[in-house]
Amino acid sequence: MKGSRSACLLCRHIVATKGGSRIPQWQPQVSRFSTTVPSRSDEQAATRTPDQPIPSDVPVDKPELNRVRKVVHNERQSSSNTKWSQSKLRKMPAKDSARVDALFQEIILEQIGSKDVAAQPTPKGAIMDLTLVKAIGELEQMIAKGESEVDAFSYLKTEIYPMLREPDVTIPQVFYRVVSRLMKDVVAAKREAMRSPKLPTVAEIFRVYADIGEMKPPEWAALVGELVKNIVRTGSPTRQQEPAADGEGLITHDAMLADLVDCWRVLSLPKVIPTTPGNEVTDGFWFPRLDQYSVRRLSDKGNFPAVFNGLFPHHRPNHLGPPVAVLAIATYALLLDPQRSNPDARRSATHFISKIAYLITFVNFRDPALQREIRHSFPELEDYVMTRWPILKKQLEEKTESVNTSTGHVQPSEFPHSTSSGGINPAALGQRLSLAYRSKNLSEVDEVWQKFIGPDKDISPERAAELRKYPDLFDYFINIRMALNQPDHGIHVLNTLRKVGLKPTLKTWNIMLDGCKKARNINVIRNLWAKLSGSGMKLDEKLWTTRVSALIESGDVQGGMQALEEMMTIWNESSKDENTTAVKPTIEPVNAALVGLVRQGRVSAAESLLAWAGRHGIEPDVFTYNTLLRRFIRDGRSQDAQKLFATMRDTGVRADEATFTIVLDAAFERIEEDDVEEQAKTVAGVLDDMKAAGLEANLQTYGKMIYNLLRWGDKAKETVRAVLAHLWSKGHELSPHIYTMLVEHYFARQPPDLDAVETLIQRRRLVDRDDMDNTFYDRVIKGYALVGQTDKALEIYYRLAYSGVSVILSTQVELLRALLKKGQTEDARELVANTKEMFMESHRGVSDIENAGIWGHPFWRLAAQNGLFEWKDVADAAATTQHSPS
């Protein structure tokens with residue numbers, strides 16, 4: 001088939017023709033030194049150390065939060081021995097340590113031939129630790145005898161680490177002492193022979209330090225500084241005249257550069273990460289979202305190191321200091337240096353590069369300050385960094401100017417508006433409003449509105465002047481009120497907007513109409529349009545599009561089609577000059593109608609709509625084709641899909657990212673479950689085709705890939721890992737949808753991979769400044785409940801409750817059952833009471849029909865059957881929610 005490569009890819013898979021296997025070039029390297037461990041049993045996974053609360057940053061015991069019970073993190077915890085269950089090894093209780101350490105000393109004395117040691121009975125339980133203790137003793141002897149660091153490190157990796165991965169192993173305190181002593185020798189050897197291929201990489205060295213809880217940024221900076229110096233030297237323009245490194249038996253320049261990138265990845269890892277072998281989530285950088293207020297506050301002062309410390313919140317700022325910040329700039333300079341870097345290194349460090357570029361752009365790190373810090377910490381790097389520094393800044397300035405010119409406004413949109421003297425923080429209010437809408441928490445919306453307009457009954461002139469700065473927030477309130485089916489409240493916001501001196505714009509009316517669409521309130525949609533059309537103002541295309549979409553989505557298909565006809569009639573009858581109020585119909589409102597029809601399964605009506613558009617000279621665009629293509633593939637209409645592709649090609653409509661996502665769906669439908677090579681080939685093929693078309697995969701594309709791959713479970717593990725590596729290499733972070741798919745996958749494993757779940761939760765909290773996505777946490781609570789981890793499920797439930805986010809009742813049914821099964825009656829009673837109070841607050845003023853749906857749920861029946869809820873409470877609650885003033 002000729003034409004676009006996307007069309008060819010669809011052909012290849014629809015007709016099930018398979019070519020030769022092809023390994024994707026972006027396949028990530030498997031970590032050469034892993035401290036990961038298998039999943040523990042359900043009961044073992046319930047154990048949590050006091051420094052691992054979820055959440056550690058939520059003060060759930062504040063008196064004013066009396067509706068949220070305090071979760072005691074230590075209750076019902078097991079006092080069993082420390083397990084090798086996390087990347088950072090947890091030290092064991094003193095009692096167990098004394099037992100195993102005594103055994104260790106006995107074995108050591110035997111090894112050195114002591115004759116005076118009295119025979120003592122083997123302590124109870126020591127048999128399981130005997131092999132490990134002997135191995136640690138052997139390692140200490142190797143160190144004492146001065147055997148090579150290479151052999152000792154290899155022994156640690158190959159002999160001891162596999163034992164530490166076994167469940168129920170007790171790790172003696174002496175292990176940490178022996179390994180710490182070994183690593184000091186390894187660091188000294190590495191410093192003397194940085195390019196020796198026999199010694200471990202710098203990243204491997206500090207991964208071990210992280211494992212034993214001794215990751216210290218100053219020591220990290222000292223050795224990484226040596227690595228950077230070597231990269232600068234070997235990457236000089238004169239290196240072409242030097243003998244090849246690999247010919248001399250030395251590590252190559254590119255290998256050192258890859259090691260440098262891995263060093264930053266290790267430094268970014270949180271101090272405690274429960275992991276499983278080859279856990280794909282730990283492969284990426286763990287940089288959090290920056291605190292924009294701190295960035296803004298410190299940027300004018302030029303305090304780059306202080307802002308940079310925000311990328312590593314798990315380390316104390318005074319432990320990082322200027323040396324680490326200087327190394328970040330040096331690494332950034334190396335990665336962008338065409339003479340010293342390579343595409344693979346830049347691709348693997350995309351996330352790091354984007355973070356440092358952002359800080360350099362918006363933090364005024366003055367040249368004298370940078371030069372002073374380099375001289376103080378790494379004087380050998382001064383010439384290289386200070387030569388590259390003006391080039392780097394100029395490149396970033398040109399990039400920023402280019403973005404500003406193309407978008408028409410100053411970019412850093414990431415900066416929130418600073419909190420004014422009036423106390424308005426639009427970013428914080430907007431986030432609260434978004435959470436309240438998602439959880440349908442009407443009382444929280446009321447509170448946010450009151451916070452916005454102020455506590456006084458009458459708005460003062462000063463407050464009105466402040467409110468006029470935030471027209472977008474007024475629009476957002478209008479949208480939320482209408483979407484929650486509170487038109488009276490929406491009108492009140494509109495009147496307040498006018499009262500403070502603002503005027504509603506076309507954007508305001510469009511947002512209002514969109515809110516009506518979300519509520520499916522057909523009467524308000526019609527009334528609002530009648531008012532707008534009778535006002536005499538010129539309504540733009542966006543308003544017409546929203547009207548058409550709102551009518552069809554609300555069930556009035558005929559009304560939506562008539563609206564399109566009306567739009568065309570008014571345009572045809574108008575004078576078509578610039579003074580007319582008519583709007584020329586385009587493909588946008590047609591697409592809006594098309595989406596609604598296809599979603600409702602009215603494919604024949606959708607095809608008739610496109611025929612109507614064609615008669616009026618309205619040409620389809622890529623969105624039109626994608627909408628139909630998705631439906632054709634879902635319905636198995638392969639021939640129609642092929643014809644559609646041919647039409648796209650003939651009319652010159654280029655495929656976009658969404659097109660490739662649809663193609664991907666079709667491709668995966670034809671792959672056998674066990675065909676791992678074909679999985680990798682399909683993923684690589686789609687990405688290659690997109691690149692050839694000048695397109696980049698977006699999060700929707702990656703999400704679709706991961707969704708299709710996870711259907712085959714762990715058989716697609718390596719391909720999933722490769723997709724995530726590619727995602728991170730493009731500077732993306734996991735979307736809420738990908739997080740949700742992964743956590744469902746980990747719970748579905750047999751046995752459930754609870755360490756992987758914990759790692760995913762930690763990453764979301766750190767990297768994404770947890771937005772409390774209720775879908776993700778709903779799956780987490782349900783998953784923990786189904787595997788009997790009720791304490792963890794409760795912790796997250798109350799964390800959501802603290803944030804005003806309610807958990808859906810079907811999930812709470814599973815949690816309630818799990819609590820009752822484990823005999824946690826009081827916890828179950830508190831759960832029911834808390835849920836009742838939250839639902840009463842968030843469902844005030846609802847109708848009888850809605851009340852029946854809420855209080856007739858099986859959750860309340862289960863609670864009543866177990867004496868946790870009285871049926872008379874249902875009537876009281878229903879009456880309260882229906883008749884409470886709103």
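Under the 4.5 Å side-chain criterion, counting only non-hydrogen atoms from C-beta, Ile374 is not in contact with Pro379. Using a 4.5 Å cut-off on side-chain heavy atoms (C-beta onward), Val202 and Trp220 make no contact. Counting heavy atoms from C-beta outward, Val363 and Phe308 have side chains that stay 4.5 Å or more apart. When side chains are defined from C-beta on, Asp211 does not count as touching Val179, because their heavy atoms never get closer than 4.5 Å. You'll find the side chain of Glu138 stays beyond 4.5 Å of the side chain of Ile160, heavy atoms only. Counting heavy atoms from C-beta outward, Leu396 and Tyr358 have side chains that stay 4.5 Å or more apart. Taking the side chain as every heavy atom from C-beta outward, Ile136 and Leu132 approach each other to under 4.5 Å. The closest side-chain heavy-atom distance from Leu392 to Gln395 is below 4.5 Å.
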Requested in this report: In sequence, state the C-alpha distance, the side-chain angles, and the governing distance for Ile212 and Phe175, and then conclude on side chain to side chain contact (heavy atoms under 4.5 Å, CB included).
Outcome: CA-CA 9 Å; Ile212 63 175; Phe175 168 81; 4.1 Å; yes
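Listed by chain and number, the residues in a ring-ring contact (aromatic ring centres under 6.0 Å, His included) with Tyr209 are Phe206 (sequence neighbours excluded). Applying the salt bridge (Lys or Arg N to Asp or Glu O under 4.0 Å) test to Asp367 and every residue at least two apart in sequence or in another chain returns Lys393. Legend: residues meeting side-chain contact (heavy atoms from CB on, under 4.5 Å) with Pro322, ordered by chain and number and at least two apart, are Pro305, Glu373. Applying the side-chain contact (heavy atoms from CB on, under 4.5 Å) criterion to Ser348, with sequence neighbours excluded, gives Val261, Arg265. By the salt bridge (Lys or Arg N to Asp or Glu O under 4.0 Å) test, Asp185 pairs with no residue at all, sequence neighbours left out. With sequence neighbours left out, the salt bridge (Lys or Arg N to Asp or Glu O under 4.0 Å) criterion links Glu382 to Arg375. Residues that satisfy the side chain to side chain donor-acceptor pair (under 3.5 Å) test with Arg346, not counting sequence neighbours, are Ser341. Under the rule for a side-chain contact (heavy atoms from CB on, under 4.5 Å), the partners of Ala369 that lie at least two apart in sequence or sit in another chain are Phe365, Arg372. The side chain to side chain donor-acceptor pair (under 3.5 Å) search around Asp337 returns Arg340, Tyr384, not counting sequence neighbours. With sequence neighbours left out, Ser354 forms a side-chain contact (heavy atoms from CB on, under 4.5 Å) with His351.
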Could you pull out every donor-acceptor pair under 3.5 Å between side chains of residues 146-156 and any protein atom, sequence neighbours left out?
| from | atom 1 | to | atom 2 | distance (Å) |
| --- | --- | --- | --- | --- |
| Ser148 | OG | Asp151 | N | 3.1 |
| Ser148 | OG | Asp151 | OD2 | 3.1 |

Determine all donor-acceptor pairs shorter than 3.5 Å in which one atom belongs to a side chain in residues 221-232; sequence neighbours excluded.
| from | atom 1 | to | atom 2 | distance (Å) |
| --- | --- | --- | --- | --- |
| Glu226 | OE2 | Lys229 | NZ | 3.1 |
| Lys229 | NZ | Glu380 | OE1 | 3.3 |
| Lys229 | NZ | Glu380 | OE2 | 3.3 |
| Asn230 | OD1 | Arg233 | NH2 | 3.4 |
| Asn230 | ND2 | Glu226 | O | 2.8 |

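Using a 3.5 Å distance cut-off with no hydrogens or angles, the side chains of Trp264 and Thr331 do pair a donor with an acceptor.
Remark: the backbone N or O of Ala697 is not paired with any side-chain donor or acceptor of His726 at under 3.5 angstrom. Checked by atom type and distance alone, the side chain of Arg195 never pairs as donor or acceptor with a backbone atom of Leu250 at under 3.5 Å. Formation of a donor-acceptor pair under 3.5 Å by the Thr350 side chain with backbone atoms of Arg347 is found in this model. A donor-acceptor pair is defined here as one N or O able to donate and one able to accept, closer than 3.5 Å; such a pair exists between the side chain of Arg388 and the backbone of Leu336.
Atom CG in Leu699 sits 8.5 Å away from atom CG in Leu734 (nearest 0.5 Å). Within the model, atoms CG of Asp755 and CG of Asp753 stand 6.5 Å from one another, a figure rounded to the nearest 0.5 Å.
For the pairing with Glu733, the salt bridge (charged side-chain N to carboxylate O under 4.0 Å, His left out) check across Lys355, Arg764, Arg763 returns one residue only, Arg763.
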